[in-house]
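Please read the structure below before turning to the comments.
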Amino acid sequence: MAEKEQLTDHIVSVLVNNHPGVLSKVTSLITRRGFNIDGISAGNTKQSDMFRLTIVVKGDDRSIEQIQKQLYKIIDVVKVWIITPESKLDREIGLIKIKIPQSLRNEILQMINVFKASIIDAGPEGFIVEITGTSEKIDSFLSLFEHHQIVEVARSGIVAMNRWEKK
Amino acid sequence: MNGARIVVESLKKEGVDTLFCYTGGAVISIFDELHKHGEGITMIQPRHEQGGTHAADGYARSTGKPGVVLVTSGPGATNTITGIATAYMDSTPLVVITGQVSTDKIGTDAFQESDVTGITLPITKANFLVKDVNDLALTIKRAFFLATTGRPGPVVIDIPGDVQKQECKFTYPDDPGLTSYRPKESGHPKQIKSTAKMLSKAKKPLILAGGGVNLSQANDELNSFLNKYNIPVATTLMGHGINPEDVRLFCGFVGMHGTLYANYAIQNADLIIAIGVRFSDRITGDASVFAKNAKLIHVDIDPAEIGKNIPVDLPIVGPAKSVLKELNGADIKGDYSAWIEEIDDYRKKNPLVYEKTGTLKPQYLVELASKIFPEDTIVATDVGQNQMWVGQYYRFRYPKTFLTSGGLGTMGFGLPAAIGAAVGNPDRQVLMFSGDGGFQMNMQELNTIRKYNLKVKMIVMDNSYLGMVRQWQELLFEKRYAGTDMGDNPDFIKLAEVFGIRAVRLEKPEDAERVLKELAECETSMLVHAAIDPNENVLPMVPAGKPLDKVITKF
């Protein structure tokens, strides 16, 4: 048997028929096969009767292959892609409600510009910032703030696909 | 036509002739339509829905047709869960129809409501909640199609009461219209060629055949394959019956309580062709050293089984039947006679043995029954020691003659499974082996035997212990028999007689032959209460997680 491989985050994209209960079928299958879901997002595709789920799971390469095969056993699963680290293109969106004292407003505005984020709401106590990018980018944006400054964070979870194959 | 009638007409279209059903508030309408229009469908009513589901399972395993169950919502449905999980683990085709509360009540914690599709999600191949009568016929079509094709398994259809009353035009579709479900119909030709090449090079090949060969009805193909190329074969527990077991090429069943020579063959082979097996922990022991000298070719209809528990050198995804048919036409040159002699020799030196001490030995009972009962007898077992003794000492000769809960290990399976087999095979002998523990888990079904005048021959091997666990306690827990003493058992003779079933007590080995002959020849159901040696253990034994060659042969 293979040596224990390093557990790393893997991104699995799943195209499913948009039938009731299909999301819970997919997530419960992954859970009961012993894997943890670190992130999940769902949305429409070009076919209106189908959904694309993007799921982040921890595992080694062999277990990810198992997940892929097991997912294909769900009747409503149409296609499963493993998003490989070499060709992955992934994005996440984050909404962050930040408390900002008047004295720091200019400094914060600069940071928001550097991160190409935007302010989508403002109040006397602070802003709501929208930021798009890789998860790492959102992580590092959040790390700029003191814990007490961040009031609320909502993150979409990753959406991802493989890049065009290079010629 | 209303939904309830659509259910009945759809069952007829699927050729269902037997329905294991128990009524209740949420299926009154369907029972009513069965009463009015159910000609051609025999309704078998168990005394408990679990018994009914195991019976449908035994019916399916012994006939090859899907077992069909109809129960009410809530507790009716939850009582089927053990039966469904049992069928799921052993890939039995079942269609379980459950009533559900009306659609407007779903989610309100209504009387006898339970989330059946939620509960059965991890133990079904697929499940459906039908919310619109217009989807009903198509859903039933899909359920039967899914249950019986590819890797078979149980499918649940949950039908709310109001959907049963709604009206629509009935047309039964020809096409299930499942675009994302395409089980492979044959193995890849390249892989078949590679198999032939590997076999030609091998010196010590072994076929390991499992329940999948039974399910794929590939027995003839398997037998031609091993006879044509002279390759020895071992089976898993679930593989019993797929080939005649009194031939030289057969080396027993592998795993925890498998024969020494089968496990020896596994550990010393240089090529294993595993067909329709899933390498459960009871088969492999320590998986990291399983078949450590062999290249492994794994044939299975379910791609998810390949590489799941054991790394594979050559995968072949496809049904056993067609893969074996292809292999039979392949050009394979190999001489394995030295290997066969090696196994012969090993078998001669390490046969299955038990001590003959003057007490009634369960192994002796099984051996005797195997000789006395006709060759095509259908044997159902419960779970535990009785199951393993039958696995070791009964000589099976025909496919679909060994019904046992291999994967889930469900105590209480034996009696109802035997009942299902008797319903589906009225002209054949059905023999049940059970322990005193498992027998009592579904003994209410004795009444089903009486009610339908079924012919089931029963041997209750009573050691007044939950013997398999007791055996582990003896070996691993310094004989602290916590929770395994069954010294307070009821009088099984009186129990059977209450249900109008003839029963005989057997205590001495010298009476065994006479009593078992009587059992075999009896024209009605009959129960033998066999007071077996309470200290008898199942041996050989590979302790859980140990390599297959680290065998205990003595306690």
Side-chain angles (χ1 to χ4, degrees), chain A residues 1-5 10 12-37 40 42 44-53 55 57 59-82, chain B residues 88 91 103 106 115-132 135 139 142-143 145-147 149-151 153 155-156 158 176-184 279 284 286-292 296 300-312 315 317:
Chain A
M1 275 193 35
E3 298 281 308
K4 263 236 150 112
E5 286 176 62
H10 285 73
V12 184
S13 268
V14 192
L15 189 67
V16 296
N17 289 321
N18 187 7
H19 288 165
V22 68
L23 182 64
S24 72
K25 280 179 189 171
V26 169
T27 55
S28 85
L29 182 141
I30 293 173
T31 311
R32 77 172 176 271
R33 291 281 168 188
F35 302 99
N36 243 349
I37 296 177
I40 186 165
N44 283 319
T45 62
K46 60 174 185 165
Q47 297 109 309
S48 61
D49 54 348
M50 287 189 196
F51 246 60
R52 179 163 170 149
L53 315 176
I55 304 168
V57 256
D60 55 30
D61 288 348
R62 197 171 141 218
S63 57
I64 296 303
E65 196 193 319
Q66 251 302 302
I67 291 183
Q68 182 177 26
K69 287 176 175 174
Q70 294 288 348
L71 283 170
Y72 270 121
K73 290 174 74 167
I74 299 175
I75 310 301
D76 278 325
V77 167
V78 178
K79 193 161 172 52
V80 183
W81 299 268
I82 306 292
Chain B
Y88 183 67
S91 309
T103 47
I106 288 179
D115 173 13
V116 173
T117 49
I119 295 170
T120 59
L121 178 60
I123 51 165
T124 48
K125 184 169 173 184
N127 66 25
F128 303 96
L129 168 61
V130 184
K131 285 184 164 176
D132 182 340
D135 300 334
T139 304
R142 286 180 171 172
F145 183 70
L146 288 167
T149 57
R151 178 181 183 170
V155 178
V156 166
D158 199 24
L178 291 161
T179 47
S180 58
Y181 174 79
R182 289 263 178 275
K184 277 255 172 77
F279 295 108
T284 62
D286 181 351
S288 66
V289 292
F290 175 80
K292 55 186 187 296
L296 182 61
D300 207 286
I301 184 76
D302 180 358
E305 283 306 330
I306 290 169
K308 185 180 81 178
N309 294 337
I310 297 279
V312 169
V317 178

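Computed from a predicted model, the values in this text were never measured in an experiment. Side-chain atoms are counted along with the backbone in the values below, which use heavy atoms only and exclude waters and symmetry mates. Numbered from 1 within each chain, the chains take letters A, B, ... in sequence-line order.
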Backbone N/O of B:Gly307 and side chain of A:Arg62: donor-acceptor pair under 3.5 Å: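 Judged by distance alone, yes, a pair lies under 3.5 Å.
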
If you count heavy-atom pairs under 4.5 Å with chain A, which of B:Leu178, B:Leu129, B:Ile306, B:Thr179 comes out on top?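 Counting heavy-atom pairs under 4.5 Å, the top option is B:Ile306.
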
For chain B, which residues from residues 21-29 of chain A lie under 4.5 Å away (heavy-atom distances)?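 Heavy-atom contacts from residues 21-29 of chain A to chain B are A:Ser24, A:Lys25, A:Ser28.
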
Using only non-hydrogen atoms and a strict under-4.5 angstrom cutoff, which residues of residues 63-77 of chain A touch chain B?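 Contacts with chain B: A:Gln66, A:Lys69, A:Gln70, A:Lys73, A:Ile75, A:Asp76, A:Val77.
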
Atom CG of A:Asn36 with >12 non-hydrogen neighbours under 6.0 angstrom: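 Open: at most 12 neighbouring heavy atoms sit under 6.0 Å from CG of A:Asn36.
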
Go through the atoms of B:Asp302 and report whether side chain, backbone, both or neither lie under 4.5 Å from a heavy atom of chain A.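 The answer is the side chain of B:Asp302.
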
